[in-house]
2 protein chains.
Amino acid sequence: MLPAIAHSTRHAFQHNELRSKELWSSVQEVCDLLRINRPLDLYEDSSRFQHVRFKAGQTVNLNNDPLENLFLVNCGFLKSSMTDDLDKELVLSFPMKGDLIGVDSIHLQHHQSQTMALSDCDIILVPYSTLQELCKKSEQFGHAILQIMSREIVRERYMLGVQRSLSAEAKVGRFLYMMGERYAQLGYSSRRFNLRMSRNEIANYLGVAIETVSRILSVFHRLGVITVNQREIVIIDPAFLTDLLKFSSTKDRSAERCTQKSQLGTVNKFAKPKQQQRQQPELALS
Amino acid sequence: MLPAIAHSTRHAFQHNELRSKELWSSVQEVCDLLRINRPLDLYEDSSRFQHVRFKAGQTVNLNNDPLENLFLVNCGFLKSSMTDDLDKELVLSFPMKGDLIGVDSIHLQHHQSQTMALSDCDIILVPYSTLQELCKKSEQFGHAILQIMSREIVRERYMLGVQRSLSAEAKVGRFLYMMGERYAQLGYSSRRFNLRMSRNEIANYLGVAIETVSRILSVFHRLGVITVNQREIVIIDPAFLTDLLKFSSTKDRSAERCTQKSQLGTVNKFAKPKQQQRQQPELALS
DNA sequence: CGTTACTTTGAATATAGTCAAGCAGTGTGG
DNA sequence: CCACACTGCTTGACTATATTCAAAGTAACG
């Protein structure tokens, strides 16, 4: 079983190194990592899953590779992306420990996306054939796999909601907050962490321009909500970021908005009063 | 087995009526409807799935209902939506014949969305327990279900791409085109069909303002690309709509764009030449 | 026939994107 | 160790796209 050791961001790789001997995992270990209940009826199962190392920058799987393995992240940070009609990259997610890569490929039996290691990684190979066998053997396991797929659908749907109804500020705010939450789940700090991805990758992921990301981070910083130093982030006021969640987008700026945001507007810049404005400009980026 | 009868939009309900006697479907019929291979090892299976009628406007399932059944659309048109933090509706999809509703609910065993009938509907109840049994009985069936889930993930991801990197025009264009394709799959015309949903629902689905949808439809109409009469759509130049796909968003307006679009700009309005424009304004909405 | 809900259109405005330039951190070779 | 280039990031100025507000038009319904 994998002990859930809490360790700071800085020691992640060191910890990773320590694991280098564990080359194979059991079904139970895999289930723990996937955050699903251990199927009791598979306690005796002898299947073992191979670990593979990837160095930062290496490609885990390429778009259109035939589906042989799913990839379960044991350690490290990755970027999963697809290429659209125009060969433009489209960042889909930033998988980390416990995430299963490749569930999208079951449909057509070919990978629909490519995954790159953003840091050194330890990845567990989960052959699809083994997965099928286990589903057959254990109803519990079968259910769990459906749960994971379902979870993935819900997660993607959530992102869809983010894309549709949030302003750029709210997107960035939410992104930071959620990264914090994810780190927390892994035992790191939710308030102080290192973004493993470039601004470009963030911008792509959020569907906004890179300059916009940069500007918004600066604004947040100036407001004292976060601290930014390159990719090193400190979240000072997480509530602010979650509050942004609520006042999503310009589409439903309600009465509530005035109250909170107008303050920020003034913190941000020396509110030169424009005549006849419907609402305070909330987080003017200039 | 369900014969694939091609009939015009207008006769859908009439046809629907004809079916009113079919109250139960077999596993094979369900698989056909789901567009997955019939599991040979379930040929003898005696499971039967109940049909249920819904009238336009009725609710099929509510958010947070415990997961008992998945819903397979046999006939009719629906709208699936969720409610966000702010009780704002968020339209997720417009299920029609062959679509499976509720795969998102497996994760937490509660429905994560609500579904409303936009027209009279015939829905097949698929108890989750039965689904699990069948997965256990038939590896083929199990694989097929995973495929469906995977397909759903890919589909949602596609929408994510649409949301992120397409302009409003392109979104609407793509929406119309895809509706056409979906109708075609069901044996209707891909060029002439009736949108079952309101402008509001379209706007919500696409993540743009309702006025924007209206304007863009008008522009398309004026350009002679489509005909709009309330919810009755005729697609005259589907290629135009698919071409819009490519020149997605302002984010990558490339050289290609000039060529094609500048013509349209002039068709659209009496191109009053603005001085110093980088590119022709393509589909000015005014 | 009037009320309601949905849709279209116009005008003004805001948000975010593009272009352009400069800055900061990193690495390489002299 | 420093100049050099290189890449990634930030900031400013300008502009386009799409939103909001407002109003009028149209279809649907009792």
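In the text below, chain A, chain B and the rest are named by the order of the sequence lines, each starting its count at 1.
Nearer to the 5' terminus of DNA chain C, by closest-nucleotide assignment, is the contact made by B:Ile210 (compared with the other of A:Gln230 and B:Ile210). Residue-to-nucleotide proximity on DNA chain C shows that, of A:Glu211 and A:Asn229, the 5′-proximal contact is made by A:Glu211.
Rounded to a whole Å, the CD1 atom of A:Ile216 is 12 Å from the P atom of D:dT10. Residue B:Asn200 contributes atom CG, which lies 10 Å from atom C1' of C:dT7 at whole-angstrom precision. To the nearest angstrom, C1' of D:dC9 lies 14 Å from CD of A:Glu201. Counting to the nearest Å, the P atom of C:dT9 and the CZ atom of B:Arg222 are 6 Å from each other. Atom P of nucleotide C:dG25 and atom CZ of A:Arg231 are separated by 14 Å, given to the nearest angstrom. Atom CZ in A:Arg199 sits roughly 13 Å away from atom P in C:dG25 (whole-Å rounding). When rounded to the nearest whole Å, the span between CD1 of A:Ile233 and C1' of D:dC9 equals 13 Å. Rounded to an integer number of Å, the gap from B:Arg196 CZ to C:dC6 P is 17 Å.
Contact check for B:Asp99 versus B:Arg182: side-chain heavy atoms found under the 4.5 Å cut-off. Looking only at side-chain heavy atoms (C-beta outward), B:Gln163 and B:Lys171 come within less than 4.5 Å of each other.
No side-chain donor-acceptor contact under 3.5 Å links A:Ser214 to the backbone of A:Ile210.
Closest to the side chain of A:Ser218, out of C:dT9, C:dT8, D:dT11, is D:dT11. Candidate nucleotides C:dG17, C:dA16, D:dT19 were compared by shortest atom distance to the side chain of A:Ala209, and C:dG17 ranks first.
Checking each of B:Thr83, B:Asp65, B:Thr59, B:Asn64 against B:Gln114 for a side chain to side chain donor-acceptor pair (under 3.5 Å) leaves exactly one that passes, namely B:Thr83.
Ring planes of A:Tyr188 and A:Phe77: tilted class, angle from 30 to 60°.
Residue B:Thr212 places at least one side-chain N or O under 4.0 Å from the OP1 or OP2 atom of D:dT19. Neither OP1 nor OP2 of C:dA5 sits under 4.0 Å from any side-chain N or O of B:Ser198.
Contacts of B:Ser214 with the nucleic acid, taken as non-hydrogen atoms under 4.0 Å apart, include base atoms.
Looking at A:Arg215, its side chain comes within 3.5 Å of the base of C:dT18 through a donor and an acceptor atom.
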